[in-house]
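In what follows, chains are A, B, ... by sequence order, proteins preceding strands, each numbered from 1. Since we're looking at a predicted model, the values are computed, not measured.
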There are 2 protein chains.
Amino acid sequence: MLASGDRPYAQTIQALRDKGLRPTRQRIALGRLLFDGGNRHVTAEALHAEASKGGVKVSLATVYNTLHQFTDAGLLRQVVVDGGCTYFDTNLSDHHHFYHVDDARLEDIPGDGIEVQGLPQVPEGATLERVEVIVRVHGDRKAG
Amino acid sequence: MLASGDRPYAQTIQALRDKGLRPTRQRIALGRLLFDGGNRHVTAEALHAEASKGGVKVSLATVYNTLHQFTDAGLLRQVVVDGGCTYFDTNLSDHHHFYHVDDARLEDIPGDGIEVQGLPQVPEGATLERVEVIVRVHGDRKAG
DNA sequence: GTGATTGCAAATCTTTTGCACTAAA
DNA sequence: TTTAGTGCAAAAGATTTGCAATCAC
């Protein structure tokens, strides 16, 4: 984990350094938004809005850059469920997702009980990278 | 199926009419490209290129419109595997996909042997729409 | 200081849209 | 004719890039 409540910056800064990322004001702030608290699924747009709302001055371009740097550094995972916008997931463990079509929201499928049976061999010459299961659902949790 | 080799237009035209789509030159041509022959996965860009190469004059905007109309009519299915471009699949049966990351190519997983075990209940108030399994692979079939 | 990082605005890419023109019924 | 469909070019939305200004070391 990057940081927890009581040691505000120290852990975040260390985690960034460990990944070879210079701990700038922007990276620290975004890192804390992303990694303090539970697992999150964010878009660049949403994280930028959240940062702005929280008084963090950071440009959208930097949010994009930072999300990709974090992804390259192995701090985030990219999830594709919806053409037209990219989601970043702070949960790096092997897991799958519900995708709420109506509100374009991504949710971790709890537990790792999912198992895909009957997978054929990957095509010749190809190497398995990852199996993604996306359970598309509609209608909100607060019913509608 | 929309059309097969020997009755060039008749079946395509009929299929379009059945779906309430006026059988225009463009729709017929795109329909034949899509549905004559086996299952296909196309992007708007790629289908437009293919049409142009084949001497069919059709604008990219019309290709987009047509793909969506075909999808709404239940002749195509949309598949999301890659932000930044939309794939349309002519295979309407219940099936899943290999996604070749390196060449951004989609491939049907043959057979319907895949089964997802251990799916949790969908969140309260939500309704299951579809379970998508995407097997991401890299390295081409012709190895490399 | 020096090089990495940021911000801005412009560029890019995919997709959609408005509207005059064309074609199907 | 009458209405749906098409093409073009412009608009829109997400993301990226170039470059001067700024910050971490």
Side-chain donor-acceptor pairs under 3.5 Å in residues 54-63 of chain B, sequence neighbours left out?
| unit_1 | atom_1 | unit_2 | atom_2 | d |
| --- | --- | --- | --- | --- |
| B:Ser59 | OG | B:Thr62 | N | 3.2 |
| B:Ser59 | OG | B:Thr62 | OG1 | 3.1 |

In chain order, what residues pass the side chain to side chain contact (heavy atoms under 4.5 Å, CB included) check against A:Ala104, with sequence neighbours excluded? A:Asp82, A:Tyr87, A:Tyr99
Between CZ of B:Arg27 and C1' of D:dT6 the distance, given in whole Å, is 9 Å
Between P of D:dA4 and CD of B:Gln26, the distance in whole Å: 17 Å
Could you run down nucleotides 12-25 of chain D 5' to 3' and tag each one B, S or - for protein heavy-atom contact under 4.0 Å? --SBBB------BS
Between B:His41 and B:Asp108, is a side chain to side chain donor-acceptor pair (under 3.5 Å) present by the stated rule, with each step listed? CA-CA 9 Å; B:His41 303 93; B:Asp108 282 354; 2.6 Å; yes
Does D:dG7 have its OP1 or OP2 closer than 4.0 Å to a side-chain nitrogen or oxygen of B:Ser59? yes
Given A:Ile114, A:Val133, A:Val137, A:Ile134, the one that forms side-chain contact (heavy atoms from CB on, under 4.5 Å) with B:Val131: A:Val133
Sorted by chain and number, sequence neighbours left out, salt bridge (Lys or Arg N to Asp or Glu O under 4.0 Å) with B:Arg40 holds for B:Glu50
Covered region of DNA chain C, 5' end to 3' end, by chain B [heavy atoms, under 4.0 Å]: C:dT14 to C:dA25
Would you say the side-chain atoms of B:Arg27 pair up with the backbone N or O of B:Arg22, donor to acceptor, closer than 3.5 Å? yes
Should we say atom CD of A:Gln117 is surrounded by more than 12 heavy atoms from elsewhere, each under 6.0 Å from it? yes
Suppose we screen for ring-ring contact (aromatic ring centres under 6.0 Å, His included). Which residues come up paired with A:Phe88, at least two apart in sequence or across chains? A:His68
